[in-house]
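Working notes, beginning with the structure itself.
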Amino acid sequence: MCAMLLPVALGACSDKGKSDDVIIEKPELKIENGLMTPEILEGLGRVSEPTPSPDGKKIAYTVAYSSVEENKSNAEIYVMNADGSDVKRLTKSAASESNLQWINNGEELVFLRHDKETDASQIYCMKADGGEAKRITGEKNGIECFKVSPDEKHVVFSSPIDALDKDSTLFEGLPKTTGRVIDDLGYKHWDEWVTKIPHPFVAEFNKNEIKDAKDIMAGEPFECPMRPFGGTDAFAWAPDGKSLVYVSRKLTGKDYVFSTDSNLYLYTLEDGKTEQLTGDGFPGYDTDPVFSPDGSQLAWLSMVTPKFESDKKRLMVMDMKTRQSRDLTAEWDYWPEQIAWAPNGKSIWFTGYYQGTEPVFTIDVASCAITTIAEEQADFSALTPISDTEAIAMRRSMSYPNEIVSVKTGDVKQLSFENKEVLAKLKLGEVKKVLVPTSDGKEMTCWVILPPDFDPNKKYPAILYCQGGPQQAVSQFWSNRWNFQIMAANGYVIIAPNRRGLPGFGTEWNRQISGDYGGQNMRDYYAATDYIKAQPYVNADKVGAIGASYGGFSVYWLAGHNDGRYAALIAHAGIFNIEAQYLETEEMWFADFDMGGAYWEKDNATAQGTFANSPHKFVNNWTAPMLITVGELDYRILASQGMQAFNAAKMHGLEAELVVFPDENHWILKPQNAILWQRCFFRFLDKYLKN
């Protein structure tokens with residue numbers, strides 16, 4: 001339904017914001033008493049896109065910094081040796097760079113940058129040791145993401161085309177009308193009205209220009225890459241550069257909003273023909289195609305259930321001669337999140353959520369044997385093997401943001417240190433893993449984060465963190481919004497439970513939540529709350545609950561079933577009225593599957609149970625003060641959901657606050673908005689949990 005944490009999508013489509021002449025540099029941060037503040041959190045460098053050179057001896061990457069004054073961020077390109085030495089900044093521009101790729105045997109880099117002349121993102125090229133960047137494309141509608149073929153003769157790129165054909169007669173003489181005429185579902189997505197959709201184009205390529213661009217889905221009213229998060233992971237070039245595989249969900253209208261059925265398509269450059277590789281046996285999401293080094297096999301991630309976007313991801317491999325496929329992870333009750341072939345083609349590297357963290361694994365393609373390469377109290381991502389035994393990745397935890405690392409079996413070496421100096425000056429809280437008994441006799445992995453300079457003889461206020469998704473792991477993530485270290489720095493103990501409905505604990509644990517909103521996962525929250533309230537260092541009368549998206553739903557639900565557990569509540573972008581959410585959200589497959597069906601299906605016991613548990617029906621039980629925040633560009637969970645909850649709280653006579661961001665979507669992304677959000681967050685908690 002909704003990702004609660006902003007993902008770092010490698011090679012993802014570029015942002016749509018225009019650039020100006022202000023170059024954003026690393027800020028000077030004021031640190032007092034070693035404690036994290038909203039300004040420090042916003043001022044940390046954000047490392048992304050580690051991209052090894054073809055010989056594995058160099059790594060290109062980006063670092064983004066935010067300017068509170070300019071109210072925007074900017075990413076620049078850096079290059080370092082594969083051992084982390086000789087770090088060199090390559091760009092210094094007012095426009096962010098992204099989508100990095102090496103060409104010409106590692107002598108040059110190509111990337112995306114917003115271009116003032118065309119007012120759109122275009123492909124640029126520059127020498128890998130620095131120098132002036134040259135624009136090599138001038139696409140009218142811009143380029144959202146791209147991937148150069150292995151032989152460097154072609155490029156596939158995504159560019160938006162018109163999604164709707166206007167009835168010229170209807171709009172004749174009305175050049176200033178803002179009206180939209182809609183006759184089918186799928187008219188908005190995430191934070192935009194669907195007037196444009198991305199299409200894949202293939203063009204001849206050299207480092208000076210592209211030419212003869214061809215829309216390989218011409219005439220098809222479908223997206224590629226898929227909105228809202230699709231990027232270069234939607235494309236896989238065959239090693240010989242003569243064909244490519246792309247991902248698309250070729251559905252429209254009601255079918256589009258009620259199904260996750262995406263498929264893989266093979267496009268051959270010579271004859272321009274397209275072959276569908278996945279079909280009836282693959283009714284759910286099929287994504288992330290990757291060719292083996294010799295091109296004989298294609299690996300990808302596949303889900304079975306066509307409406308369940310959080311279904312188990314199967315690691316599939318297809319023989320490209322016979323078109324026969326097999327599931328390498330059929331006997332493994334977890335699933336990969338990112339895959340990459342080892343250079344010898346005998347194994348596949350991947351990351352995946354496992355018991356509360358995201359380790360690095362390899363799987364033998366012949367035997368399906370899985371080996372754990374790196375497992376720490378950390379999450380790994382952005383994995384790229386540079387040999388059969390070593391990969392470059394990013395690592396993060398609840399105590400530090402992404403940095404680049406080298407990963408070998410039993411050996412992880414940090415290569416980038418963008419935030420080392422700032423983190424060294426901060427007092428960070430201890431992060432502990434605990435197992436909490438649940439009401440049905442199981443054990444639940446929870447993370448407990450303690451304040452800096454923790455004194456076990458003191459009594460601290462505490463916070464229950466409710467995860468969104470709803471099926472999104474509470475692993476060792478670092479969030480620029482729901483950041484546990486800034487909460488700890490403000491004197492709070494935090495408990496973050498991996499309640500029912502989260503990946504990393506097997507299929508049954510993950511799937512249990514579907515059709516059981518207000519059920520076992522809420523009892524899991526009670527178990528986590530009661531555990532932390534029982535600790536001698538927690539003031540049991542001063543415990544709050546916070547969350548966004550499904551976490552916001554959880555807060556609203558807990559408000560109506562409080563039993564005195566919570567003294568303050570904060571909900572961001574949460575579902576308040578499930579019946580309204582069923583009809584309002586744009587990806588309707590989620591609501592239909594996870595809620596069990598429509599509320600008018602009176603004979604559907606699962607659906608009726610879900611809608612009977614809608615938080616809006618229990619406002620009469622609300623007793624705790626509540627802070628609600630929303631973004632008006634949020635089309636996943638409309639801002640009206642939070643406004644309804646605020647109105648209900650005030651009409652019920654409760655103390656409540658509402659913070660509305662007209663220019664934000666499901667997240668709060670602009671630097672000044674982010675700082676205001678944090679200030680409101682802690683002002684509210686301090687008022688009710690510290691006084």
Side-chain angles (χ1 to χ4, degrees), residues 11-14 51 53-54 60 97-115 117-128 131-162 196-220 222-225 230-248 264-275 277 289-291 293-295 298 320:
C13 296
S14 63
T51 308
S53 61
E97 286 80 32
S98 63
N99 204 154
L100 313 182
Q101 292 173 63
W102 297 84
I103 62 170
N104 192 19
N105 294 316
E107 295 295 321
E108 294 171 296
L109 284 164
V110 285
F111 52 90
L112 286 182
R113 174 192 286 175
H114 188 274
D115 171 60
E117 182 179 345
T118 60
D119 193 21
S121 290
Q122 305 291 352
I123 301 176
Y124 282 73
C125 180
M126 71 181 303
K127 292 184 180 297
E132 184 178 354
K134 176 183 178 182
R135 177 167 63 85
I136 61 175
T137 64
E139 292 298 305
K140 177 182 178 181
N141 293 329
I143 293 177
E144 296 186 344
C145 52
F146 73 96
K147 185 173 285 188
V148 178
S149 63
D151 60 7
E152 299 181 10
K153 294 180 179 179
H154 293 87
V155 62
V156 59
F157 64 87
S158 168
S159 187
I161 65 167
D162 289 336
K196 301 281 186 180
I197 57 173
H199 257 212
F201 291 76
V202 170
E204 294 182 19
F205 171 83
N206 64 53
K207 63 182 181 180
N208 296 310
E209 64 177 348
I210 67 168
K211 60 182 181 179
D212 298 330
K214 177 183 179 181
D215 183 349
I216 64 175
M217 285 175 50
E220 299 184 46
F222 314 118
E223 301 171 344
C224 178
T232 54
D233 53 1
F235 305 122
W237 279 104
D240 62 8
K242 296 180 179 179
S243 62
L244 66 90
V245 169
Y246 67 87
V247 179
S248 182
L264 308 184
Y265 298 86
L266 178 67
Y267 176 80
T268 305
L269 272 65
E270 184 177 6
D271 58 15
K273 292 182 178 180
T274 299
E275 174 191 353
L277 296 178
V290 188
F291 275 100
D294 64 2
L298 180 74
M320 293 305 292

Taking the side chain from Glu152 and the backbone from Asn104, do they hold a donor-acceptor pair closer than 3.5 Å? yes
Just verifying a value: how many Å separate Phe146 CZ and Ser98 OG, rounded to the nearest 0.5 Å? 8.0 Å
Does Lys127 form a salt bridge (charged side-chain N to carboxylate O under 4.0 Å, His left out) with Glu132? I'd like the steps, not just the answer. CA-CA 8 Å; Lys127 292 184 180 297; Glu132 184 178 354; over 6 Å; no
Minimal non-hydrogen separation, Thr118 against Gly138, with atom names: CG2-CA, 4.3 Å
Are any non-hydrogen side-chain atoms of Lys147 and Gln101 less than 4.5 angstrom apart? yes
Does the pair Asn141 and Glu139 meet the rule for a side-chain contact (heavy atoms from CB on, under 4.5 Å), with working shown? CA-CA 6 Å; Asn141 293 329; Glu139 292 298 305; 6.0 Å; no
Can you give me the closest heavy-atom contact between Pro150 and Ala238, atom names plus distance? CG-O, 3.4 Å
side-chain contact (heavy atoms from CB on, under 4.5 Å) between Cys125 and Ile103, intermediate numbers included: CA-CA 9 Å; Cys125 180; Ile103 62 170; 4.1 Å; yes
Here the pair of heavy atoms bringing Pro225 nearest to Pro198 is O-CG, 3.1 Å
Checking ring pair (Phe, Tyr, Trp, His ring centres under 6.0 Å) for the pair Tyr265/Tyr246: CA distance, chi angles, key distance, verdict? CA-CA 5 Å; Tyr265 298 86; Tyr246 67 87; 5.4 Å; yes
Report the C-alpha distance between Lys153 and Asn206 in whole Å, list the side-chain angles of each, state the deciding distance to 0.1 Å, and finish with yes or no for side-chain contact (heavy atoms from CB on, under 4.5 Å). CA-CA 7 Å; Lys153 294 180 179 179; Asn206 64 53; over 6 Å; no
Can you tell me if Gln122 and Thr137 form a side-chain donor-acceptor pair at under 3.5 Å? yes
Heavy-atom nearest pair, Pro293 first then Pro239, reads O-CG, 3.4 Å
Say you draw a straight line from CZ of Arg113 to CD1 of Ile143; how long is it, rounded to the nearest 0.5 Å? 14.0 Å
Taking all heavy atoms of Ala236 and all of Pro289, pick out the closest pair and write down the distance. CB-O, 3.3 Å
Could you tell me whether the side chain of His199 and the main chain of Glu220 form a donor-acceptor pair under 3.5 Å? yes
Taking the side chain as every heavy atom from C-beta outward, state whether Val110 and Val148 have any pair of such atoms under 4.5 Å apart. yes
Can you tell if the side chain of Val156 reaches within under 4.5 Å of the side chain of Tyr267, non-hydrogen atoms only? no
Ala120 versus His114, closest heavy-atom pair with distance: N-NE2, 3.5 Å
Give a yes or no on whether the backbone of Val290 and the side-chain of Trp237 come within a donor-acceptor separation of less than 3.5 Å. no
Side chain to side chain, Phe201 and Ile161, heavy atoms closer than 4.5 Å: yes
Ser158 and Cys145, any side-chain heavy atoms less than 4.5 Å apart: yes
Are Asp151 and Asp240 close enough that some pair of their side-chain heavy atoms sits under 4.5 Å apart? no
First locate atom CD of Glu144, then atom OG1 of Thr232, and finally report the distance between them rounded to the nearest 0.5 Å. 12.5 Å
Rounded to the nearest 0.5 angstrom, the CE-CD distance for Met126 and Glu97 is 8.0 Å
So does Cys224 get a backbone contact from the side chain of Ser248, meaning a donor-acceptor N/O pair under 3.5 Å? no
Taking Ser243 for the side chain and Thr268 for the main chain, is one N or O donor matched with an acceptor at less than 3.5 Å? no
Between Leu269 and Lys242, does the side-chain contact (heavy atoms from CB on, under 4.5 Å) criterion hold? Intermediate values first, please. CA-CA 6 Å; Leu269 272 65; Lys242 296 180 179 179; 5.7 Å; no
Within-4.5 Å side-chain heavy-atom neighbours: Phe205 and Ile210: yes
Residues Lys134 and Asn208: side-chain donor-acceptor under 3.5 angstrom: yes
Which value, rounded to the nearest 0.5 Å, describes the distance between Phe291 atom CZ and Leu298 atom CG? 5.0 Å
Rounded to the nearest 0.5 angstrom, the CG-CG distance for Leu277 and Leu266 is 5.0 Å
